[in-house]
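Everything on this sheet refers to the single structure shown next.
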Amino acid sequence: MVCSPPGVRPARGAYGRVELVNRLAGATSPYLRQHADNPVHWREWDADALAEAAQRNVPILLSIGYASCHWCHVMAHESFEDLVTAEQMNADFVCVKVDREERPDLDAVYMNATVAMTGQGGWPMTCFLTPDGAPFYCGTYYPKQPRGGMPSFTQLLSAVTDTWRNRRDDVDNAARQVTDALRAQASGLPDAEFTIAPDLLDKAVPAIVADEDPAHGGFGGAPKFPPSALLEGLLRHWERTGDQSVFDVVERTAEAMARGGIYDQLRGGFARYSVDAGWLVPHFEKMLYDNALLLRAYAHLARRAPETPLESLPHRVTRETVEFLLGDLGTAQGGFASALDADTHLEPDGPGVEGATYVWTPAELIGELGPLDGTWAADAFGVTTAGNFEQGTSVLTRRSDPVDAEQSSRFDRLRAQLFLARTQRPQPARDDKVVTVWNGMAITALAESGAALEEPSWVAAAVRCARFLLDVHLVDGRLRRASLDGVAGTPPGVLEDYAWFVTGLLALYQATGEPDWLAAAQLLLDNTIDHFADPERPGSWFDTADDAETLVARPRDPVDGATPSGASALAEALLTASAVADPDRAVRYRELADQTLALGAILLARAPRTAGNWLSVAEAAVRGPYQVAIAATEKSATTMELLAAARACAPGGSIILAAPPNTAPLLTGRPLVDGAPAAYVCRGSVCDLPVTDPAALTDSLRR
């Protein structure tokens with residue numbers, strides 16, 4: 001027996017007996033650290049890894065995943081923790097492990113290759129590369145034993161090794177063809193005869209609505225993902241057109257998700273997706289980006305909800321989602337962690353069990369609440385003896401709301417008791433990595449919802465997060481992608497990081513009126529333009545900076561997916577900034593926003609379901625966007641009433657700011673009226689006369 005320190009494993013392979021070192025223990029990614037004790041000679045992606053592959057004349061085995069990915073854990077347990085499999089990997093490959101959340105550039109390039117080769121993608125992603133990084137064979141999860149027509153992972157390793165050694169020309173030809181395709185794919189959106197105008201949007205939205213699942217809400221079938229950006233875009237379209245059928249689609253989807261198992265009925269917060277079409281059984285990982293984007297949409301919907309004796313559903317979901325973000329994903333430094341794992345380890349060294357923390361049986365409810373309340377809760381949460389999940393357990397749902405204050409009080413009391421009991425169970429792991437883009441989304445959502453729903457503590461949470469990012473993630477004027485425990489990692493920020501942080505800073509500027517947020521946003525936006533623009537095509541943007549690592553292709557994907565594309569996010573940042581920026585910058589920002597939207601118009605024309613965030617930004621653009629500038633020397637009662645009226649009634653994407661006259665670009669030349677606070681409403685370059693009465697402001701915004 002050989003005794004090795006953690007992370008070091010002796011291995012025997014085709015190159016004789018060598019001591020191989022797992023180099024992930026010092027990684028800033030929790031996902032990589034999860035693999036630091038594997039017997040695999042993992043290393044991070046860097047130039048040395050490519051050089052080692054060239055020196056040894058072996059392929060690179062690239063494994064990409066993320067910390068909360070269920071099947072990533074399964075493949076790790078089956079294969080990467082197995083000594084025999086690790087020996088084969090170490091002998092015949094340079095093994096590189098990548099966190100897709102930390103290196104979205106690598107993930108984008110090799111995911112495109114995987115989809116091109118297999119017709120589908122996902123994680124874990126398993127790619128085999130030449131020493132210069134060109135992919136020649138890609139796939140996703142491979143089992144330990146052959147099943148379902150899939151080879152075992154070790155069979156795949158043997159086949160790749162044999163091909164590498166005995167049919168090298170085939171490898172080189174495949175790598176060359178895939179690389180050429182990747183470079184062609186990264187050419188950006190084609191020029192097309194479409195412009196962002198009301199008629200384009202009025203054709204795009206019915207095409208989206210036609211894809212609604214009328215039985216369950218949402219779009220498409222299983223697995224079903226929350227259409228976060230689409231909901232925001234559809235709400236803005238309804239605000240412009242008054243088309244009730246569009247609002248009904250939003251309301252049905254929002255209610256179906258909030259009542260289903262994809263929503264945590266005890267704590268709040270949404271899981272990543274539902275494995276079924278009815279939002280019943282979730283894939284239990286909870287991602288920061290989903291909850292930040294959904295918070296924005298539900299808070300917007302809450303502003304449009306009618307007054308009710310009890311709290312409306314969108315108000316409740318907004319509040320509970322904020323509670324989840326602050327309570328479960330907040331970090332000590334003020335940022336927000338990336339995710340909660342899909343799995344729970346019931347035994348410290350045992351395999352993860354998906355959903356174990358969250359599911360219940362009727363007997364468990366009765367055991368916690370007693371026979372009367374337990375039976376009542378089982379009915380309220382849809383828990384049956386047959387169960388709706390595995391082994392007779394049930395994911396909690398909420399098909400109806402309390403009808404009066406007494407029933408509401410009982411529901412809240414029992415919900416709190418069950419949540420407290422659930423905290424005593426083993427909990428899923430948390431990925432503590434703070435990712436810039438997702439924190440930018442959280443800042444935006446918290447600032448907007450806190451301002452609109454008059455929750456100053458939410459805005460304060462956004463302020464803490466923004467200050468943390470400026471202090472830690474902004475290094476020498478450039479953003480880093482992520483940090484861990486308050487220490488920034490080395491991977492640089494990509495386009496979406498810059499775009500969403502700028503949008504968050506501009507949301508804070510509007511929520512607080514503090515000019516420092518505008519100054520920081522402008523400097524960061526100028527930096528973005530300098531480093532991510534395509535000099536050959538104004539309005540087209542690369543996802544990586546001009547001085548970033550050179551990959552086999554420079555990624556550029558403008559299509560909105562589970563999160564908005566970097567290009568559509570930047571379009572929003574540019575559009576918002578153009579309304580509040582210094583005059584010399586504002587013209588440039590608006591020109592770039594229009595050029596960016598002009599290129600994105602083809603997606604709204606031909607594939608609108610893939611353009612949810614493009615729709616949101618375009619709806620704001622065709623309305624101006626609305627600008628409400630409130631001239632006020634102090635936060636008087638009248639000032640706050642004008643602000644409240646603007647935030648309650650202005651459509652999504654509007655710019656709302658209160659500040660003393662001539663202290664901000666939006667307030668230049670806009671004085672008080674007869675010594676009283678005054679609101680100036682503009683739609684693009686067309687402005688109304690100032691008003692001093694909140695009711696008059698409401699009337700103006702509703703016209």
Side-chain angles (χ1 to χ4, degrees), residues 443-444 446-448 450-452 454 456 458-460 462-464 466-467 470 501-527 572-590 593 620 624-650 653-694 696-697 700-701:
I443 293 167
T444 303
L446 287 167
E448 288 181 353
E454 300 184 41
W458 301 358
V459 178
V463 167
R464 288 194 301 273
R467 286 178 176 157
L470 289 173
F501 192 24
V502 169
T503 299
L505 292 170
L506 294 173
L508 276 179
Y509 174 53
Q510 296 175 71
T512 65
E514 296 175 8
D516 286 351
W517 300 120
L518 174 61
Q522 290 182 153
L523 289 174
L524 203 55
L525 189 53
D526 291 343
N527 191 309
E572 177 170 14
L574 288 164
L575 182 67
T576 304
S578 71
V580 297
D582 300 335
D584 58 334
R585 286 179 163 111
V587 174
R588 182 192 188 201
Y589 293 160
R590 184 59 196 242
Y626 273 27
Q627 302 156 46
V628 184
I630 299 173
T633 55
E634 58 183 11
K635 291 185 177 180
S636 65
T638 302
T639 301
M640 301 312 293
E641 289 171 0
L642 287 170
L643 260 177
R647 289 166 173 168
C649 296
S654 297
I655 314 301
I656 302 169
L657 182 69
N662 301 313
T663 61
L666 199 60
L667 272 299
T668 299
R670 289 171 169 170
L672 306 179
V673 174
D674 297 329
Y680 294 78
V681 177
C682 296
R683 298 161 181 83
S685 57
V686 179
C687 299
D688 295 348
L689 292 173
V691 296
T692 58
D693 177 54
L697 176 58
S700 175
L701 292 171

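Predicted, not measured: the structure shown is a model, and the values here were computed from it.
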Full working for side-chain contact (heavy atoms from CB on, under 4.5 Å) between Leu446 and Val459
CA-CA 6 Å; Leu446 287 167; Val459 178; over 6 Å; no
side-chain contact (heavy atoms from CB on, under 4.5 Å) against Ala646, all qualifying residues, sequence neighbours excluded
Val628, Ile656, Leu697, Leu701
Result block: side-chain N/O donor-acceptor pairs under 3.5 angstrom for residues 663-677, not counting sequence neighbours:
from, atom 1, to, atom 2, distance (Å)
Thr663, OG1, Pro660, O, 2.6
Thr668, OG1, Ala664, O, 3.2
Thr668, OG1, Pro665, O, 3.3
Arg670, NH1, Leu666, O, 2.9

Those residues at least two apart in sequence (or on a different chain) that pass disulfide bond (SG atoms under 2.5 Å apart) with Cys682 are Cys687
In chain order, what residues pass the side-chain contact (heavy atoms from CB on, under 4.5 Å) check against Glu448, with sequence neighbours excluded?
Arg296, Thr444, Ala507
Would you mind reporting whether Arg588 and Leu525 have side-chain heavy atoms less than 4.5 Å apart?
no
Partners of Gln510 by side chain to side chain donor-acceptor pair (under 3.5 Å), sequence neighbours excluded?
none
Evaluate the side-chain contact (heavy atoms from CB on, under 4.5 Å) criterion for residues Phe501 and Ile443: first the C-alpha distance (whole Å), next the side-chain angles of each, then the deciding distance (0.1 Å), finally the verdict.
CA-CA 8 Å; Phe501 192 24; Ile443 293 167; 4.0 Å; yes
Among residues at least two apart in sequence or on other chains, which ones pass side-chain contact (heavy atoms from CB on, under 4.5 Å) with Ala696?
Val691, Asp693
Per the side chain to side chain donor-acceptor pair (under 3.5 Å) rule, what does the pair list look like for residues 625-639, sequence neighbours excluded?
Arg623-Tyr626, Tyr626-Arg683, Ser636-Thr639
For the student: nearest non-hydrogen atoms of Tyr589 and Ala577, plus distance:
CD1-CB, 3.6 Å
Who pairs with Asp582 by side chain to side chain donor-acceptor pair (under 3.5 Å), at least two apart in sequence or on another chain?
Gln522, Arg585
Point-to-point distance, once rounded to the nearest 0.5 Å, from CG of Leu657 to CD1 of Ile630:
8.5 Å
Of all residues at least two apart in sequence or in a different chain, which pass the side-chain contact (heavy atoms from CB on, under 4.5 Å) check with Arg467?
Val463, Glu514, Trp517
